[in-house]
Amino acid sequence: MGGLSMHSTVRCLKAPQAVLFLLLMLPALLAGCGGATFPENEKDDSMISKQEKPGNPYYSRTDTTTLDLPDSVWAKVLTKEVYRVARQKETEQAFSGKFLDFEGRGSYFCAACGNALFRSDAKFADTCGWPSFFEPVREKSIFYQPDTSHGLVRTEVICGRCGAHLGHVFDDGPPPTGKRFCMNSIVLDFEPDGE
Ligand code: FE
């Protein structure tokens with residue numbers, strides 16, 4: 001009986017110890033799981049966009065209807081960073097954009113409205129500090145307008161669907177077009193080609 005009693009006591013002690021152990025280890029276990037998967041998820045989230053954007057009802061990869069919305073509307077549906085470039089024509093810092101050295105095979109879309117803009121085939125390595133392309137995916141993907149700000153004479157590139165400022169185009173690009181579409185990464189979304 002003594003042996004059985006001792007055994008029972010140990011069993012009684014083990015149960016709360018096991019619960020305590022699990023409670024103490026739970027945060028560590030969860031942190032371990034997060035640590036194992038977060039970097040990969042983070043990379044995917046930063047480079048590959050979703051086909052829909054919660055909070056932006058105007059975003060579509062298939063609807064090509066032209067959008068003519070006031071900045072007050074865009075201010076509500078775009079992130080602050082995208083809004084500053086797309087609607088306020090700011091330029092992201094050179095060599096800071098996520099797509100500068102990105103070599104994924106796929107398509108680039110306007111981050112404000114989802115309009116198809118460029119194919120990765122038209123992207124080329126450039127030293128200017130911003131992702132560069134030699135042609136848009138189709139002629140009406142983008143519009144052009146003169147830009148004389150900052151004492152320069154440049155050609156501004158805007159989204160053909162929503163009018164977002166995307167960057168500028170220059171005549172010092174590679175063949176076959178000789179054009180260099182110098183884009184801000186923050187206003188581009190990327191979707192890889194399917195298998
Ligand atoms: Fe757009």
Side-chain angles (χ1 to χ4, degrees), residues 44-94 96-124 126 128-150 152 154-170 173 177 179-194:
D44 286 347
D45 284 348
S46 66
M47 305 307 282
I48 299 172
S49 63
K50 307 287 189 298
Q51 298 233 354
E52 294 181 349
K53 291 194 175 182
N56 181 353
Y58 309 105
Y59 190 91
S60 173
R61 298 274 177 86
T62 53
D63 186 354
T64 55
T65 307
T66 302
L67 297 169
D68 185 15
L69 301 168
D71 285 347
S72 57
V73 172
W74 289 115
K76 291 175 184 168
V77 301
L78 301 179
T79 65
K80 194 189 328 176
E81 292 76 17
V82 172
Y83 181 84
R84 285 171 57 176
V85 173
R87 307 310 309 185
Q88 298 184 309
K89 303 182 189 295
E90 291 191 13
T91 300
E92 67 189 9
Q93 192 177 356
S96 70
K98 60 186 175 181
F99 292 126
L100 176 60
D101 297 318
F102 183 63
E103 296 181 345
R105 185 174 172 78
S107 299
Y108 291 85
F109 301 84
C110 173
C113 77
N115 183 34
L117 298 173
F118 300 101
R119 282 284 304 157
S120 57
D121 301 357
K123 191 173 188 290
F124 64 96
D126 193 55
C128 69
W130 292 271
S132 300
F133 303 82
F134 59 74
E135 66 180 356
V137 67
R138 54 189 169 82
E139 200 176 332
K140 291 187 176 178
S141 287
I142 54 178
F143 290 152
Y144 307 93
Q145 60 186 29
D147 177 7
T148 55
S149 63
H150 305 292
L152 302 168
R154 295 179 294 174
T155 300
E156 181 187 0
V157 175
I158 61 175
C159 173
R161 180 172 183 243
C162 76
H165 170 77
L166 303 172
H168 293 87
V169 62
F170 303 93
T177 64
K179 299 292 183 185
R180 174 169 60 94
F181 292 84
C182 190
M183 300 290 100
N184 290 282
S185 290
I186 192 72
V187 289
L188 298 178
D189 283 341
F190 176 77
E191 182 174 336
D193 287 345

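A quick note: this is a predicted structure, and the numbers were derived from the prediction, not measured. Numbering of ligands and ligand atoms starts at 1, following listing order.
His168 and Phe170 have tilted rings, their planes meeting at an angle from 30° to 60° on a 0 to 90° scale.
With sequence neighbours excluded, the residues satisfying side-chain contact (heavy atoms from CB on, under 4.5 Å) with Ser120 are Arg105, Tyr108.
For the Fe ion (ligand 1), the nearby protein N/O/S atoms, meaning those under 2.8 Å, are Cys110 SG, Cys113 SG, Cys159 SG, Cys162 SG.
Between Arg161 and Asp68 there is no salt bridge, since no side-chain nitrogen of the basic residue lies less than 4.0 Å from a carboxylate oxygen of the acidic one. For Lys89 and Glu156, the salt-bridge test passes: some basic side-chain N is under 4.0 Å from an acidic carboxylate O. Here Glu103 does not pair with Lys123 in a salt bridge; the nearest charged N to carboxylate O distance is not below 4.0 Å.
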Using the side chain to side chain donor-acceptor pair (under 3.5 Å) rule, take Ser107 and Arg119 through it: C-alpha gap first, then chi angles, then the decisive distance, then the call.
CA-CA 5 Å; Ser107 299; Arg119 282 284 304 157; 3.0 Å; yes

